[in-house]
Amino acid sequence: MGIGGIGGLDREAHVAEGTGAAAAPRTLAEALRARGDEGLAALLRARPDLLNPVPNDLTQLATRAGTRGSVVRALERLDRFALQTAEALAVAPDPAPYPVLLALLTGDEGDPAIEAALPGAVALLREQALVWGEDDRLRLVRTARELLSPSPQHPSPTGLGPTVAEATSGMSPGRVQEIIGAAGLPATHDPVSAVAALTGLFTDRARMGALLDGAPPEALAVLDRLVWGPPYGKVTANPAPPVRWLRDRGLLLPVSARTMVLPREVALHLRGGRAHRAPEPVAPEVAVLREHRPQVVDGAAAGQAYTALATVEELLKSWDKGGPQVLRAGGLSVRDLRRTAAALDVTEQVAAFWLELCHGAGLLASDGEADERYAPTPAYDDWLDLPPAERWARLVTPWLASTRTSGLVGGQDAKGRALSALGPDLDRAAAPEVRHRVLGLLATLPPGAAADPETLFARLRWERPLRGAAAGPATESTGPGPSLPDDLRSRLARWALAEAELLGLTGRGALSAPARALLNLPLAEAASPADEGGGVEESVAAERAATLLAPLLPEAVDHVLLQADLTAVAPGPLRRPLADALAVLADVESKGGATVYRFTPGSVRRALDSGLTASDLHDFLTAHSRTPVPQPLAYLVDDVARRHGHLRVGAASAYVRCDDDTVLGEILADRRSAALGLRRLAPTVLAAQADPAALLDGLRAMGYAPAAESAEGDVLVTRADAYRTPARTAPVPVPDGPPAPDATLLHAAVKAIRAGDRAATAVRREPSAPTPAGSLPRTSSAETLATVQAAAMTGSAVWIGYVNADGAASQRVIAPVRVEGGFVTGYDHTADEMRTYPLHRITGVAELADD
């Protein structure tokens with residue numbers, strides 16, 4: 001028996017392996033044992049869930065590879081043709097020779113494309129341990145066969161039903177004899193031979209053709225409706241004559257009193273031997289929708305990248321003093337999302353994307369206070385100090401890896417709850433893979449070529465047919481276009497295309513040069529060998545992308561053009577100090593290639609409230625305008641400055657004082673001041689029941705320009721201090737299963753599995769008394785000590801039973817080196833390292849067989 005009683009390898013299996021490499025494997029474990037280290041590493045690389053934790057030996061690896069969860073994950077990562085190959089094996093005899101599998105996929109007529117692609121598909125299934133055995137005995141892993149085989153509850157994607165033997169398993173022997181008699185077959189002595197005769201008839205093309213030649217046309221029409229699936233049909237208690245004709249001859253077999261099924265052998269005959277209506281051995285090509293010059297694409301992408309930076313700045317600047325409140329369940333309310341969309345002049349779906357982008361880049365978070373609100377993080381200030389191209393790279397790099405999916409906002413989760421921006425339940429683990437794959441497929445097109453979305457979606461569905469079909473609740477938002485595919489993978493691809501355009505990764509639908517650098521892809525024809533991607537770290541790739549984007553972005557300017565209509569035109573992006581100062585002095589009226597600012601009394605008063613004087617404003621306008629300061633603008637500044645601070649507001653609850661008592665009289669006489677609770681304390685002083693902030697707002701609403709006053713009587717400078725959250729980390733993407741192992745981990749894992757397998761399959765010398773299977777060896781303390789001392793002197797290995805401090809028992813193969821002080825030190829073949837064991841914890845010892 002195998003050492004340690006693990007996994008069911010018996011002595012015969014071990015001996016069979018030792019008889020020669022030509023012996024066919026009888027189990028998946030034997031098939032894995034026949035692989036080289038590269039083959040095992042390829043399996044663990046393709047199915048990283050098998051590594052957690054590292055299996056003890058190959059038998060445990062094979063067992064884990066056959067578990068339902070692992071097999072489902074592996075099937076979900078197959079392309080369409082590899083999956084069709086597995087589906088064909090699921091309806092083929094077990095085991096199936098390679099020619100039988102080929103016939104199920106090509107049919108009677110043959111198909112050169114399938115013949116060329118099938119060896120690769122079988123090799124892929126074999127590499128991932130979904131198929132094992134030589135070509136003359138191909139076996140699908142039992143769990144995969146159960147998942148893909150036809151059943152009434154889970155119809156096969158092939159549309160085939162059960163075999164004749166499966167459909168007649170509960171049928172009476174007399175009824176089986178009646179069927180073979182009606183089919184023109186001689187009677188047999190037992191049901192098994194009768195079923196075999198009927199199966200032989202249905203699989204014999206000549207005899208089957210003769211039988212169907214005598215069928216009524218209506219009966220053939222019934223078969224035509226069932227041949228490609230589903231193979232089940234409802235019948236009445238008194239079926240029509242065509243159905244009775246089919247039933248009597250076994251061409252339809254009863255599943256229940258009201259349900260008939262088309263046997264698999266009959267369907268394959270009618271299909272010409274094909275298991276699938278339309279095998280797809282070749283991946284569909286991504287078609288070119290339109291072509292542009294690469295320079296045009298890069299220019300359009302750079303323009304959109306600049307717009308993305310401006311949009312992010314505008315969004316976070318509007319929340320500089322604290323943004324909307326966080327919902328109790330998390331996320332942003334619909335009303336606040338609508339306001340944000342209106343402020344950015346975009347749709348709510350696009351506004352949700354910008355919010356999630358800022359959140360994913362770590363620039364936006366909740367403050368964690370009792371009255372929780374959203375606000376920029378300290379990282380936002382560091383981000384603002386970076387050059388524009390580097391700021392762009394800091395946005396797109398986390399977007400590529402983020403599992404947050406803004407396209408779901410506005411839909412519902414599986415429980416019917418609304419999905420809100422910045423809220424929970426927006427993670428989709430497949431999103432990063434889809435984004436990378438979409439951009440990767442765009443990179444396969446000629447430079448400057450935009451892809452046809454329909455062919456792009458078709459290619460993605462071919463690459464991962466099961467992952468697209470099994471994703472997400474149907475109530476989630478699906479986007480416009482009823483003709484577009486509605487599976488999650490296609491929706492992720494559609495959103496990825498739109499978001500890549502918003503970010504400037506693509507221009508006019510084609511991939512830009514900075515995006516190629518970000519993805520570690522080769523650049524256009526002009527790229528040097530040093531620019532070739534592959535193996536470049538993420539930070540280096542982002543730096544290369546920023547370097548390519550920087551010359552394409554518009555340069556910042558340090559001037560504006562003042563106009564007589566109280567506006568200023570910025571002919572390009574403004575340098576940050578100028579942009580910040582102008583944002584205080586004027587309001588943005590329109591955005592685009594040239595931003596238009598408008599000066600109003602309120603905006604000028606805002607600048608004066610920040611501590612500037614009229615002369616400061618005149619000097620600022622003169623220094624930064626390429627045109628003379630228009631007279632109306634100069635008059636506006638002087639007029640607002642003359643009235644600014646004429647009234648003083650302090651805390652009484654609040655008070656108003658003014659050197660001109662007539663102005664105070666006007667305020668008292670104004671009906672709009674009634675809510676402020678004003679009363680005159682002195683000719684130049686009014687007391688108010690409102691707080692100073694409300695009093696300031698009320699007087700400004702009445703058309704006055706009051707200034708706030710300190711307790712010492714000085715004018716308070718009301719600077720707009722930025723509100724920031726505590727330091728926050730960006731949200732961590734939700735992994736799509738275990739991470740892909742690196743080369744170091746794979747090497748160590750393969751080494752450990754090999755060592756454990758050598759120990760597990762070692763053959764020990766039979767003791768005088770039989771040892772029950774799986775039990776620990778039992779010897780006396782003296783015998784144990786003598787045996788390990790002898791093994792240390794001769795350099796041989798022994799088989800021991802060991803119980804650790806936690807009471808966990810294990811069986812190990814060790815080569816003792818030193819025995820002293822109640823401990824034995826030796827090389828543990830199971831762990832592949834030197835270890836020391838207390839002798840009192842060794843239950844027993846046995847010598848290994850000489851071979």
Side-chain angles (χ1 to χ4, degrees), residues 300-301 303-319 323-327 330-361 363-364 374 392 395-396 398-399 402-413 417-428 431 434-435 438 450 453 456-457 472-486 488 490-509 588-593 595-596:
Q304 192 57 50
Y306 168 73
T307 302
L309 295 177
T311 303
V312 169
E313 288 186 44
E314 181 182 358
L315 169 61
L316 295 180
K317 188 177 293 184
S318 66
W319 289 11
Q325 289 187 341
V326 181
L327 293 175
L332 199 67
S333 68
V334 175
R335 180 178 58 186
D336 289 326
L337 178 61
R338 190 174 297 120
R339 289 175 179 171
T340 303
L344 298 178
D345 194 21
V346 296
T347 64
E348 294 179 24
Q349 202 69 38
V350 175
F353 165 69
W354 292 120
L355 288 168
E356 289 292 342
L357 180 71
C358 296
H359 181 52
L363 307 180
L364 175 68
Y374 289 107
W392 175 81
L395 291 178
V396 295
W399 172 78
S402 174
T403 55
R404 301 280 298 177
T405 309
S406 63
L408 299 174
V409 173
Q412 294 180 338
D413 62 12
R417 296 172 298 193
L419 296 170
S420 58
L422 302 178
D425 303 323
L426 290 184
D427 285 287
R428 293 297 180 271
V434 172
R435 293 187 189 119
V438 166
L456 182 66
F457 300 149
T475 54
E476 292 174 351
S477 173
T478 60
S483 64
L484 294 177
D486 195 36
L488 179 62
S490 295
R491 283 182 283 152
L492 289 173
R494 194 159 65 247
W495 295 330
L497 284 175
E499 292 167 3
E501 192 77 13
L502 286 173
L503 288 171
L505 288 166
T506 58
R508 303 192 179 184
V588 176
E589 187 170 80
S590 65
K591 296 173 291 186
T595 305
V596 178

Side chain to side chain contact (heavy atoms under 4.5 Å, CB included) with Ser402: which residues, sequence neighbours excluded? Arg404, Arg435
Residues forming a side chain to side chain contact (heavy atoms under 4.5 Å, CB included) with Thr311, sequence neighbours excluded: Thr307, Leu344, Trp354
Measure across Gly330 and Ser420 and return the closest heavy-atom pair with its distance rounded to 0.1 Å. O-OG, 3.4 Å
Indicate the atoms forming the closest heavy-atom contact of Leu408 with Gln349, along with that distance. N-NE2, 4.3 Å
Is there side-chain contact between Leu422 and Leu327, with at least one heavy-atom pair below 4.5 Å? no
Considering only heavy atoms from C-beta outward, does the side chain of Thr405 approach that of Asp427 to under 4.5 Å? no
Is the closest side-chain heavy-atom distance between Leu309 and Leu395 below 4.5 Å? yes
At what distance, to the nearest 0.5 angstrom, does CD of Glu499 lie from CZ of Phe353? 4.5 Å
For a quick test of reading the model, state the closest non-hydrogen atom pair linking Pro424 to Leu419 and the distance between them. O-CD2, 4.3 Å
Do Thr506 and Gln304 have side-chain N/O donor and acceptor atoms under 3.5 Å apart? no
Holding to side chain to side chain contact (heavy atoms under 4.5 Å, CB included), I want the full list of residues that pass it with Val596, two or more places apart in sequence or in another chain. Thr567, Val569, Glu589, Ser590
Side-chain contact, heavy-atom cut-off 4.5 Å: Ser406 with Leu426? no
Answer whether the closest heavy-atom distance between the side chains of Val346 and Thr340 falls below 4.5 Å. no
Measure across Arg338 and Glu348 and return the closest heavy-atom pair with its distance rounded to 0.1 Å. NE-OE2, 3.3 Å
Within-4.5 Å side-chain heavy-atom neighbours: Trp399 and Leu505: yes
To the nearest 0.5 Å, what is the distance between CG on Leu456 and CG on Leu497? 5.5 Å
So, taking the atom named SG in Cys358 and the one named OH in Tyr374, what distance separates them when rounded to the nearest 0.5 Å? 12.5 Å
Sub-4.5 Å side-chain heavy-atom contact between Trp319 and Leu355: yes
Please find the pair of heavy atoms, one from Ala351 and one from Leu337, that lie closest to each other, and give the distance. CB-CD1, 4.1 Å
Minimal non-hydrogen separation, Gly360 against Pro398, with atom names: O-CB, 3.7 Å
